[in-house]
Student: 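One structure is given below, represented as structure tokens, and several questions about it will come after.
Quick note: numbers below take in every heavy atom, side chains included, and nothing from hydrogens, waters or symmetry partners.
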Amino acid sequence: MEDARGRRLFSDLNHAFKKDPLIDEYDFLPVKEPQNNASPLLLVEHKLGLELWSVRLLFQYAYTRLLTWRDRNCHSPFLDPQELCHLSRAVLLINPDCYTAWNIRKELTESGDLPLTDDLRLGCLILTKFPKSAETFSHRRWIFQKLLEHCLSSSNDSSASTEASTDNGGLLCMEGIDIALGPDASVLQNCADGSLGRRRHTVLSLESSRLLAENLQQELSICERAADKYASNYHAWTHREWIVQYCFNSSLQVMLAELDRTRTWTLKHVSDHSGFHYRQFLLSNISRQAARLHRQYAMSVSSLLEAEYSFVCDLINSFPGHEALWYHRRFTFYAIMTSRPQPCEETRVKGDALNGAVRKSDSQKRSRLESNTVSLHIQDEVEAVEKVVNQGSEIFQKTLAKRYAEWVKQTFPE
């Protein structure tokens with residue numbers, strides 16, 4: 001009886017996706033028992049609902065059939081790729097952490113029976129119900145690697161570029177790829193400078209470049225929606241870091257845009273440390289490209305750090321008692337202090353003794369001046385925090401301020 005009901009539910013699910021291929025959200029409806037003979041699937045305005053009593057039956061049917069096929073045909077060609085796509089989809093909509101179902105879809109993709117874009121669409125749908133699914137994000141990274149390989153293979157120098165862009169682990173090395181954000185971009189920007197060493201730059205075809213750029217931009221929005229649905233969503237934020245670092249090749253244009261975009265998000269989620277950690281990731285990567293930042297955007301790393309420090313201080317004053325804000329203040333203050341010019345080391349000076357003595361004296365004066373400036377900055381920071389301790393009324397805010405003051409004194413001893 002359950003097998004027949006499961007088969008009917010599986011057929012209804014496939015019919016729903018055939019009727020509306022643009023389903024963008026789904027959930028389980030709190031109906032524990034069947035109330036009539038109508039289908040337990042509800043489809044309204046691209047939203048799919050499954051009555052709770054039917055979820056177990058549907059999963060058991062699809063999972064059993066999928067595993068039965070897997071055990072019997074693990075080394076044989078696919079008999080019915082479309083049915084395998086539907087079975088794996090049904091399983092993953094209910095349990096997205098099923099490794100076997102994802103691996104089957106990988107094989108379907110590599111055999112050409114499942115388009116990459118269809119799998120991206122399914123993953124996006126699953127994240128609306130399970131926004132912290134580690135396996136879903138992992139599969140999406142695999143898809144983007146395949147998508148980049150497809151773009152490279154469609155370029156004029158496909159074979160050479162693919163070989164040059166593969167690392168020892170068999171994954172695509174994307175350091176030499178910089179995807180332009182504009183929809184009309186047909187030529188990739190050359191983002192390498194002398195400090196990054198030699199790189200091979202690949203020009204993608206116009207169509208492939210647009211396809212990749214469109215999906216990457218959408219991926220950033222998907223990560224943000226997942227972070228909105230689940231607090232401190234580590235998997236969503238680390239996936240977003242991966243997209244920026246490997247797919248966008250740590251492009252300054254993208255990182256600056258992301259820094260501005262996540263500012264609004266952190267204003268609404270002041271307790272979410274994962275969001276602030278992502279901003280720290282962006283600032284750290286921007287700092288490694290200080291020369292390009294100044295050359296292309298007339299901006300300095302110190303100005304970005306100072307602005308971030310002011311931003312987090314304003315948040316601390318507006319929203320007292322949030323530990324994530326104080327830890328982010330530690331990062332910004334430490335980054336500011338360590339990015340300041342260090343005291344000049346004594347260098348060898350060729351020339352007469354008088355000229356060497358004058359240069360040594362100037363170096364010592366600069367060193368003392370810089371040391372005094374750093375000491376004053378640290379002293380001002382400690383005094384500002386002590387005011388919070390003495391004048392604040394929120395108990396936990398005072399505790400966090402004391403911890404921060406102790407950290408400053410231990411990290412930057414006089």
Student: Distance-only, no hydrogens or angles: does the D20 side chain make a donor-acceptor pair with backbone N or O of A16 under 3.5 Å?
Tutor: no
Student: Check whether any side-chain N or O of D272 sits under 3.5 Å from a backbone N or O of S232 as a donor-acceptor pair, and report yes or no.
Tutor: yes
Student: In chain order, what residues pass the salt bridge (Lys or Arg N to Asp or Glu O under 4.0 Å) check against E224, with sequence neighbours excluded?
Tutor: R240, R261
Student: Can you tell me if S300 and S303 form a side-chain donor-acceptor pair at under 3.5 Å?
Tutor: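 There is such a pair (donor and acceptor under 3.5 Å, judged by atom type) between the side chains of S300 and S303.
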Student: Checking F144 against L116 for the side chain to side chain contact (heavy atoms under 4.5 Å, CB included) test, could you report, in this order, the C-alpha distance in whole Å, the side-chain angles of both residues, the deciding distance, and whether it holds?
Tutor: CA-CA 9 Å; F144 275 106; L116 289 171; over 6 Å; no
Student: Is R65 salt-bridged to E83, cutoff N-O under 4.0 Å?
Tutor: yes
Student: Determine the minimum heavy-atom distance between A62 and A90, stating which atoms define it.
Tutor: CB-CB, 3.8 Å
Student: Which pairs, with at least one residue in residues 84-95 and sequence neighbours excluded, count as a side chain to side chain donor-acceptor pair (under 3.5 Å)?
Tutor: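 Sorted pair list: N14-R89, S88-R105.
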Student: Identify whether the distance between the nearest side-chain nitrogen and carboxylate oxygen of R329 and E381 falls below 4.0 Å.
Tutor: yes
Student: Could you tell me which non-hydrogen atom of C247 sits nearest to which non-hydrogen atom of L216, and how far apart they are?
Tutor: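 Closest heavy-atom pair between C247 and L216: CB-CD2, 3.5 Å.
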Student: Give the minimum heavy-atom separation between V301 and I286, together with the two atoms involved.
Tutor: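 Looks like CG2-O, 4.2 Å.
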Student: Any donor-acceptor pair under 3.5 Å linking the side-chain atoms of H239 with those of E219?
Tutor: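 The answer is yes; a qualifying pair exists.
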Student: Run the salt-bridge test on E107 and R70 with the 4.0 Å N-O cut-off and return the result as yes or no.
Tutor: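 Salt bridge flag = yes for R70 with E107.
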Student: Are F276 and F331 close enough, and set up right, to give a side chain to side chain contact (heavy atoms under 4.5 Å, CB included), and what steps lead you there?
Tutor: CA-CA 10 Å; F276 288 103; F331 168 84; over 6 Å; no
Student: Hey, what's the ring geometry for F10 with Y61, parallel, tilted or perpendicular (30° and 60° as the breaks)?
Tutor: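 If you compare the ring of F10 with that of Y61, the planes turn out tilted.
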Student: Regarding E406 and Q410, do their side chains bring together a donor and an acceptor under 3.5 Å, going by distance alone?
Tutor: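 The answer is no; no qualifying pair exists.
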Student: Kindly determine whether L48 and F17 satisfy side chain to side chain contact (heavy atoms under 4.5 Å, CB included), including the steps that lead there.
Tutor: CA-CA 9 Å; L48 177 65; F17 277 95; 4.2 Å; yes
Student: Do R121 and D118 meet the salt-bridge criterion of a basic N to acidic O distance under 4.0 Å?
Tutor: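 Yes.
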Student: Quick one: CZ on F137 to CG on N233, what's the gap to the nearest 0.5 Å?
Tutor: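 F137 CZ to N233 CG: 5.5 Å, rounded to 0.5 Å.
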Student: Can you say whether the rings of W242 and Y246 are parallel (under 30°), tilted (30 to 60°) or perpendicular (over 60°)?
Tutor: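 Ring orientation of W242 relative to Y246: tilted.
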Student: When you measure from the centre of the six-membered ring of Y26, is the NZ or CZ of K47 closer than 6.0 Å and no more than 45° off the axis?
Tutor: no
Student: Hey, what's the ring geometry for Y334 with F412, parallel, tilted or perpendicular (30° and 60° as the breaks)?
Tutor: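 It falls in the tilted class, 30° to 60°.
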Student: For atom CD of E25, decide whether the heavy atoms of other residues, nucleotides or ligands shown that lie under 6.0 angstrom number more than 12.
Tutor: yes
Student: Going from CG on L127 to CG on L122, what distance comes out if it is rounded to the nearest 0.5 angstrom?
Tutor: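 Rounded to the nearest 0.5 Å, the CG-CG separation comes out at 9.5 Å.
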Student: Is it true that Q397 and W326 share a donor-acceptor pair across their side chains at a distance under 3.5 Å?
Tutor: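 The criterion, which ignores hydrogens and geometry beyond distance, is satisfied for Q397 and W326.
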Student: Can you give me the closest heavy-atom contact between A101 and V91, atom names plus distance?
Tutor: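 Heavy atoms of A101 and V91 come nearest at CB-CG1, 4.2 Å.
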Student: How many angstroms lie between atom NE2 of H139 and atom CD1 of I143, to the nearest 0.5 angstrom?
Tutor: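 Atom-to-atom, H139:NE2 and I143:CD1 are 3.5 Å apart.
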Student: Nearest heavy-atom pair of F333 and V408: which atoms, and what distance?
Tutor: CE2-CG1, 4.2 Å
Student: Do E241 and F281 pass the side chain to side chain contact (heavy atoms under 4.5 Å, CB included) test, and can you show the C-alpha distance, the side-chain angles, and the key distance before you say yes or no?
Tutor: CA-CA 8 Å; E241 291 179 9; F281 159 80; 3.7 Å; yes
Student: Tell me whether L22 at atom CG has more than 12 heavy atoms from other residues, nucleotides or ligands lying less than 6.0 Å away.
Tutor: yes
Student: For residues R288 and S250, determine if any side-chain heavy atom of one lies less than 4.5 Å from a side-chain heavy atom of the other.
Tutor: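 Sidechains of S250 and R288: no contact.
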Student: Are I336 and S302 side-chain neighbours, meaning at least one heavy-atom pair lies under 4.5 Å?
Tutor: no
Student: Hey, does Q289 have a side-chain heavy atom less than 4.5 Å from the side chain of M255?
Tutor: yes
Student: Testing the 3.5 Å rule here: is there a donor-acceptor pair between the side chains of D97 and S133?
Tutor: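 Yes, S133 and D97 have a side-chain donor paired with an acceptor closer than 3.5 Å.
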Student: Would you give the length of the straight line joining atom OH of Y404 to atom CD1 of I316, rounded to the nearest 0.5 angstrom?
Tutor: 7.5 Å
Student: Would you say that more than 12 heavy atoms from the other residues, nucleotides or ligands in this model lie under 6.0 Å from the CD of E110, or not?
Tutor: yes
Student: Keeping T399 on the side-chain end and I395 on the backbone end, is there a donor-acceptor pair under 3.5 Å?
Tutor: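 Looks like yes, one N/O pair under 3.5 Å.
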Student: Counting neighbours of CD on E383 that are heavy atoms of other residues, nucleotides or ligands and sit closer than 6.0 Å, is the number greater than 12?
Tutor: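 Yes, the 6.0 Å shell around CD holds more than 12 heavy atoms from other groups.
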Student: Side-chain contact, heavy-atom cut-off 4.5 Å: L29 with L52?
Tutor: no
Student: Any non-hydrogen side-chain atom of L108 less than 4.5 Å from a side-chain atom of L84?
Tutor: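 When only atoms from C-beta onward are counted, L84 and L108 do touch, with a gap below 4.5 Å.
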Student: Has the side chain of T411 got a donor or acceptor atom that lies under 3.5 Å from a matching backbone atom of W407?
Tutor: yes
Student: With heavy-atom distances below 4.5 Å as the criterion, would you say the side chains of L13 and L93 are in contact?
Tutor: yes
Student: Looking only at non-hydrogen atoms, find the nearest pair between G321 and E394 and report the distance.
Tutor: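 So the minimum-distance heavy-atom pair works out to CA-OE1, 4.0 Å.
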Student: Roughly how far apart are H277 NE2 and T238 OG1, rounded to 0.5 Å?
Tutor: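 The distance works out to 10.0 Å.
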Student: Around atom CZ of F130, are there more than 12 heavy atoms from other residues, nucleotides or ligands closer than 6.0 Å?
Tutor: yes
Student: Give a yes or no answer on whether the side chain of W69 reaches the backbone of T64 with a donor-acceptor pair at less than 3.5 Å.
Tutor: no
Student: Could you state the interatomic distance from OG1 (T109) to CG (D119), rounded to the nearest 0.5 Å?
Tutor: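 One finds 4.5 Å between OG1 of T109 and CG of D119.
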Student: I want to check something: taking the side chain as every heavy atom from C-beta on, are N215 and L120 in contact at a cut-off of under 4.5 Å?
Tutor: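 Side-chain contact under 4.5 Å: yes.
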Student: Looking just at side-chain N and O atoms, do D113 and S111 make a donor-acceptor pair shorter than 3.5 Å?
Tutor: yes
Student: Check the side chains of H328 and Q280 for a donor-acceptor pair under 3.5 angstrom, ignoring hydrogens and angles.
Tutor: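 Result is yes, a qualifying pair exists.
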Student: Give me each pair satisfying ring-ring contact (aromatic ring centres under 6.0 Å, His included) with a member in residues 217-238, each pair once, sequence neighbours excluded.
Tutor: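 Applying ring-ring contact (aromatic ring centres under 6.0 Å, His included) to every pair that reaches into residues 217-238, excluding sequence neighbours, yields W237-W265, W237-Y278.
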Student: Would you call E323 and R403 a side-chain contact if the rule is heavy atoms closer than 4.5 Å?
Tutor: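 When only atoms from C-beta onward are counted, R403 and E323 do touch, with a gap below 4.5 Å.
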